[in-house]
Amino acid sequence: MSRVRADEEEYWHSSKFRAFTFDDEDDELSQLKESKRTVNSLRDIVDDDDDDLERVSWSGEPVGSISWSIKETASGSTSSLDGRDSSLQKGSSSYAALPKQGSSYSLSSLFKGRNKLSSFQSLSDALSDTGVKSYAPELRRPRAEYKDYSSDWSPKDTVRRMQRGKVCSLERFRSLQDKLVLLDEAVAGHDGNVITAVLIFLKRTLRREILFRELEVRQVALCHLIHFLREMGEQKFLLDLLRFLDRTEEVALSQYREHLNIQDVEKRREFLKGCIGLPFSAEDTSHIQDHYTLLERQIIIEANDRHLEMAGQSELFRKYPRKASILNMPLVTTLFYSCFYHYTEAEGMFSSPTNLKKTFKIPDKQYVLTALAARAKLRAWGDVDALLTTKNWLGYTKKKAPIGFHRVVEILQRNNAPVQVLQEYVRLVEDVDTRLNLATKYKCHDVVIETYRDLKDRIQLTAYKDKVERGSAEEEKIHSILSN
Amino acid sequence: QAIVWDEYLTGPFGLIAQYSLLKEHEVEKMFTLKPGRLPPADVKNIIFFVRPKLELMDIITDNVVREDRGRSPQRDFHILFVPRRSLLCEQWLKEQGVLGSFIHREQYSLDLIPFDGDLLSMESESAFKECYLESDQTSLYHAAKGLMTLQALYGTIPQIFGKGDCARHVANMMIRMKREFPGSQNSIFPVFDTLLLLDRNVDLLTPLATQLTYEGLIDEIYGIQNTYVKLPPEKFAPKKQGEGGKDLPTEPKKLQLNSAEELYAEIRDKNFNAVGSVLSKKAKIISAAFEERHHAKTVGEIKQFVSQLPHMQAARSSLANHTSIAELIKDITTSEDFFDNLTVEQEFMSGIDTDKVNNYIEDCIAQKHPLIKILRLVCLQSVCNSGLKQKVLDHYKREILQTYGYEHILTLNNLEKAGLLKPQTGGRNNYPTIRKTLRLWMDDVNEQNPNDISYVYSGYAPLSVRLAQLLARPGWRSIEEVLKMLPGPHFEERQQLPTGLQKKRQHGENRVTLVFFLGGVTYAEIAALRFLSQMEDGGTEYIIATTKLINGTTWIKSLMEKLEPAPF
């Protein structure tokens with residue numbers, strides 16, 4: 001393909017040249033050809049627009065029509081292939097927008113590919129020559145006039161100009177075919193800025209169904225349009241597009257995202273309610289449902305508690321005023337809040353922790369952790385004890401911590417639990433090393449002493465004597481163990 | 001004239017132009033972009049220097065709308081987009097009805113900014129997101145353009161290797177650009193022998209792990225921005241006598257970090273565990289040097305000592321700074337949580353227990369550690385297991401949503417789209433094969449005197465850098481199978497050089513490879529490449545380019561859904 005193109009190029013430059021000389025094989029000629037080629041390639045860069053006159057080829061077909069372009073293709077030069085091709089065409093038309101010129105182009109190029117410099121060619125040269133002579137002066141004038149307008153850039157050139165940050169009018173791309181060629185060029189250039197610009201133009205000038213249909217087979221452009229719509233907040237258009245494409249999950253997520261822009265909680269709740277039926281994945285559906293339910297609860301709790309707080313009747317709210325509203329907080333935060341302010345409420349109440357636990361299927365571990373933190377913060381050690389106590393079917397009680405007792409100790413310690421409370425749980429830490437570690441760290445002397453006793457570690461026990469107060473009960477205890 | 005700056009840009013611009021230079025060009029005032037009325041300034045022209053971002057357009061709109069039309073002289077507005085003019089933004093301004101207010105709308109093409117002698121970055125923070133989430137290849141177009149510029153300056157690069165879809169795109173664009181501008185064929189002797197283009201998504205693992213080099217840790221903990229770091233001031237308090245009673249400084253201490261500082265150049269790429277000994281050695285040398293003054297007897301000796309003084313002073317303050325930074329970092333690296341976190345990371349990377357719910361991650365969620373930390377760990381586990389079992393994934397998701405809020409479902413979705421967090425498909429876990437073939441996990445790591453790149457993560461050898469290393473020797477043909485397991489195509493292209501420019505290599509002369517990370521690179525990876533450059537028998541020197549300098553935190557952040565509504 002490129003060889004053919006190069007040949008053609010040669011033909012055009014040579015033909016233009018020969019239009020003035022009529023000479024055939026000259027050695028100097030080839031040199032001049034060379035410089036001519038350079039000059040011509042410059043034209044690529046210099047503005048070269050021409051008039052809006054309809055160009056008609058020899059056969060009477062308007063240039064650019066389908067039959068013309070077929071001929072073009074047949075002659076081995078597709079206009080969309082390379083910038084040089086299109087500039088060539090332009091070069092030809094600006095020099096002589098003549099029927100003869102147009103036809104000679106395709107005819108001779110047909111031959112050009114096979115046998116070099118046939119006589120036919122020089123005939124067409126002669127024909128075009130007259131054209132140049134008589135028409136060129138008039139044609140050059142408008143070119144200068146139109147210099148600042150971008151009236152006749154090929155899609156390729158248009159895209160390239162836009163890539164350089166120049167403004168181009170796209171209005172001249174009227175037919176669907178032209179617009180799509182333009183879009184494909186833009187996509188081939190990979191410059192999102194240009195792709196978006198073309199898309200804005202297409203969006204404005206094409207019917208939705210057509211735009212959607214064409215974008216479906218142009219994934220890159222499609223992504224850019226989706227991004228554009230999202231950025232511009234054209235939600236409705238976006239949803240229409242995603243629906244057309246059957247990308248239902250994206251539709252759902254995209255719609256759900258909208259809730260972030262709704263400040264009013266009542267409206268937000270209503271909106272979330274509407275989201276529940278959207279085609280999310282099964283897993284996500286349950287999350288969205290939970291999101292809605294949570295906000296619904298929060299609205300109820302907030303109304304109640306604000307009232308309570310204002311009334312000043314509740315001691316709890318007086319002693320620990322709320323730092324912020326509970327609205328739009330995560331579930332675990334809500335659970336903490338509920339364990340803090342509404343711990344003892346019956347399960348039937350929306351604000352009760354057990355109700356939340358049930359409604360949202362909060363795992364045991366998570367629940368214990370949160371409740372523990374809340375009750376410890378209130379220094380309600382009795383509640384802590386109850387929380388960790390389970391009864392078996394015989395009525396025996398047993399301490400159980402799904403999070404592990406070392407974590408219980410950490411949480412209690414962080415809330416400045418007294419040693420008596422702390423050591424009860426340190427004692428329950430199963431791993432001996434961890435137990436010793438924690439007990440030493442938090443000065444639960446009894447636990448340390450008992451552990452060493454069970455380990456029958458006299459050396460450590462003796463050493464530990466220095467860590468307890470002189471004359472204290474602990475010292476006494478160590479002594480009695482050591483002497484036994 | 002006055003310049004209104006998009007604050008983000010002041011960093012990169014600071015690297016290429018000083019205020020004095022702008023002043024020479026009659027810039028009288030500079031403001032940072034913020035909503036409200038523009039501050040008064042007796043200037044005719046107001047120029048906005050902005051990134052093409054819609055939220056910034058809103059601020060500009062606000063500025064322009066509030067401008068007092070009655071004032072005289074009336075001010076003219078101009079807008080300068082960096083790095084590219086954006087028609088999307090202009091469209092937005094048009095819809096706000098202020099586009100007409102701008103007399104000039106231009107662009108300042110800023111493709112690759114030099115960060116150090118061997119490091120270039122486009123500082124395009126959203127490049128990864130755009131490429132992998134939005135299929136927007138604009139940043140790749142800029143990368144290709146930047147590479148063309150680089151070739152115009154340093155000669156055509158004869159060999160191009162690449163791995164990944166984005167790499168393929170960039171190579172295609174380069175070839176196309178070259179064809180379209182035949183004039184770009186230059187006669188400069190090529191500096192680079194090879195260009196290696198690597199997609200970030202070929203190696204999603206590395207940025208998720210905590211970097212353990214000195215520079216990497218500074219970045220992980222305090223964040224390095226455009227070579228500057230802001231540090232808590234306490235450790236930098238002046239320790240001079242008589243100032244004991246003074247209040248501690250409250251402003252963060254700002255330091256520039258680059259290889260121009262001798263000491264920093266020496267320690268930046270070391271494993272943090274090897275930094276302490278260097279610092280103490282340096283301290284001894286410097287104090288010995290200061291001791292010299294007692295031995296200086298003759299006038300000549302004293303003169304010589306004095307002439308060395310400025311250099312010594314600089315070395316001393318540099319040493320003081322880095323000792324303080326090292327102390328700050330040590331406080332963190334010796335903390336229990338840092339250790340636990342690292343242990344889990346290393347377990348995942350060496351392939352231990354990647355297929356079940358991890359206790360430590362659960363604990364972190366329960367204690368509401370920062371969400372980004374959780375996401376880094378969960379993503380790391382997912383990547384090290386070629387995706388999580390559906391049950392495990394669902395469990396993590398539920399815990400995260402319940403603890404941090406349901407709206408994060410959007411972020412989780414983004415991570416899934418980017419391939420960072422996903423269900424395992426087909427029940428196959430390729431990671432062990434990849435790990436073994438590329439020797440990503442080294443048990444016997446030497447942090448003090450490393451013999452392998454794995455020292456930068458104390459055991460884990462960054463996959464991306466391993467690919468670069470294996471490309472140089474023995475070549476990618478040896479790892480064909482593993483390359484196929486990693487996403488995207490791998491390829492090789494050659495660019496013809498005129499015969500006169502073809503290099504005739506001297507014996508023992510190093511090859512120079514430019515490694516371009518599309519989607520970001522971490523400091524630890526840079527350190528690993530520098531280590532390879534310095535290897536005695538390495539034979540290859542590396543220059544690094546990237547779309548953005550990242551760490552796990554900034555990277556994940558760029559993928560998170562913005563949850564707060566715009567400031568207005």
Side-chain angles (χ1 to χ4, degrees), chain A residues 41 82-84 160 162-163 165 167 187-197 200 219-220 222-224 226-228 230-232 249-250 253 256-257 259-261 263 272 280 283-284 286-288 290-292 294-295 328-333 335 360-363 365-366 369-370 403 407, chain B residues 52 54 81 84-92 95 105-107 109 130 133-142 144-145 169-170 172-173 176 179-180 182-183 362-363 365-368 390 393-395 397-399 401-410 412-413 561-566:
Chain A
S41 64
D82 194 302
R84 228 172 302 159
R160 239 199 258 169
M162 290 189 350
Q163 284 185 339
V167 178
V187 169
H190 290 99
D191 184 346
N193 192 29
V194 177
I195 299 172
T196 307
I200 293 172
Q219 284 299 315
V220 175
L222 180 66
C223 290
H224 280 269
I226 290 172
H227 182 55
F228 169 77
R230 199 164 279 161
E231 290 278 303
M232 298 296 277
E249 230 184 291
E250 253 177 89
L253 280 168
Y256 169 74
R257 181 184 286 110
H259 86 266
L260 293 166
N261 299 323
Q263 297 303 315
L272 286 173
F280 291 102
E283 183 67 17
D284 287 354
S286 79
H287 294 314
I288 304 295
D290 281 355
H291 191 175
Y292 163 74
L294 179 64
L295 186 59
N328 295 318
M329 292 292 167
L331 174 62
V332 171
T333 313
L335 179 65
F360 295 97
K361 300 192 190 71
I362 298 171
K365 216 166 155 179
Q366 184 70 267
L369 212 57
T370 314
I403 53 174
R407 292 287 303 282
Chain B
L54 288 185
F81 290 110
R84 286 300 310 280
R85 189 168 171 174
S86 148
L87 292 148
L88 176 64
C89 287
E90 292 188 9
Q91 175 85 5
W92 186 259
E95 282 184 14
R105 302 188 300 271
E106 295 295 338
Q107 62 179 3
S109 315
E130 284 167 10
L133 232 52
E134 289 153 2
S135 308
D136 177 347
Q137 289 155 358
T138 308
S139 54
L140 301 182
Y141 169 77
H142 291 304
K145 263 184 51 184
H169 274 304
V170 171
N172 287 350
M173 276 187 264
R176 194 182 139 118
R179 201 176 55 217
E180 285 177 2
E362 271 206 310
D363 281 0
I365 296 175
Q367 294 172 46
K368 253 195 148 175
Q390 191 67 48
L393 181 62
D394 289 346
H395 178 84
K397 268 176 141 182
R398 177 167 286 270
E399 297 255 297
L401 296 178
Q402 290 189 340
T403 308
Y404 297 92
Y406 291 105
E407 59 276 18
H408 292 289
I409 208 169
L410 297 165
L412 294 179
N413 231 277
E561 200 74 25
K562 274 184 232 118
L563 295 176
E564 306 83 43

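Quick note on labels: first sequence line is chain A, next is B, and so on, each numbered from 1.
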From [X] [atom1] over to [Y] [atom2], what is the distance, rounded to the nearest 0.5 angstrom?
| X | Y | atom1 | atom2 | answer |
| --- | --- | --- | --- | --- |
| Phe360(A) | Leu401(B) | CZ | CG | 12.5 Å |
| Glu407(B) | His287(A) | CD | NE2 | 13.0 Å |
| Gln366(A) | Gln402(B) | CD | CD | 6.5 Å |

Is chain A contacted by the side chain of [X], its backbone, both, or neither, given a heavy-atom distance below 4.5 Å?
| X | answer |
| --- | --- |
| Lys368(B) | side chain |
| Asn172(B) | neither |
| Asp136(B) | both |
| Arg398(B) | both |

Exercise for the section: Please name the pair of heavy atoms, one in Gly189(A) and one in Met173(B), separated by the smallest distance, quoted to 0.1 Å. Expected result: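 In terms of heavy atoms, the two residues are closest at O-SD, 4.2 Å.
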Sub-4.5 Å side-chain heavy-atom contact between [X] and [Y]:
| X | Y | value |
| --- | --- | --- |
| Ile409(B) | Tyr256(A) | yes |
| Leu410(B) | Leu260(A) | yes |
| Ile365(B) | Val332(A) | no |

Problem - Carboxylate-amine/guanidinium contact Glu362(B) Lys365(A), below 4.0 Å - result: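 Lys365(A) and Glu362(B): salt-bridged.
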Handout entry: Lys/Arg-Asp/Glu bridge criterion (N-O < 4.0 Å) met for Glu283(A), Lys397(B)
Key =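 Here Glu283(A) does not pair with Lys397(B) in a salt bridge, since their nearest N and O are not under 4.0 Å apart.
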Problem - Criterion side chain to side chain contact (heavy atoms under 4.5 Å, CB included) against Tyr406(B), the qualifying member of Leu272(A), Leu331(A), Ile288(A) - result: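 Testing each of Leu272(A), Leu331(A), Ile288(A) against Tyr406(B), the sole residue satisfying side chain to side chain contact (heavy atoms under 4.5 Å, CB included) is Leu331(A).
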What part of [X] is in contact with chain B, defined as an atom under 4.5 angstrom from a non-hydrogen atom: side chain, backbone, both or neither?
| X | value |
| --- | --- |
| Leu294(A) | side chain |
| His291(A) | both |
| Ser286(A) | side chain |
| Leu369(A) | side chain |

In terms of heavy-atom pairs under 4.5 Å with chain B, which of [options] leads?
| options | value |
| --- | --- |
| Thr196(A), Val220(A), Ile200(A), Thr333(A) | Ile200(A) |
| Asp284(A), Asn328(A), Leu335(A), Ile362(A) | Asp284(A) |
| Gln219(A), Arg230(A), Arg407(A), Glu249(A) | Arg407(A) |

Handout entry: Residue, of Lys145(B), Glu130(B), Gln367(B), that accumulates the most heavy atom pairs under 4.5 Å with chain A
Key =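 Ranked by heavy-atom pairs under 4.5 Å with chain A, first place is Gln367(B).
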Completion exercise
With chain A, the option among Ala366(B), Cys89(B), Ala144(B) that has the most non-hydrogen atom pairs under 4.5 Å is Ala366(B)
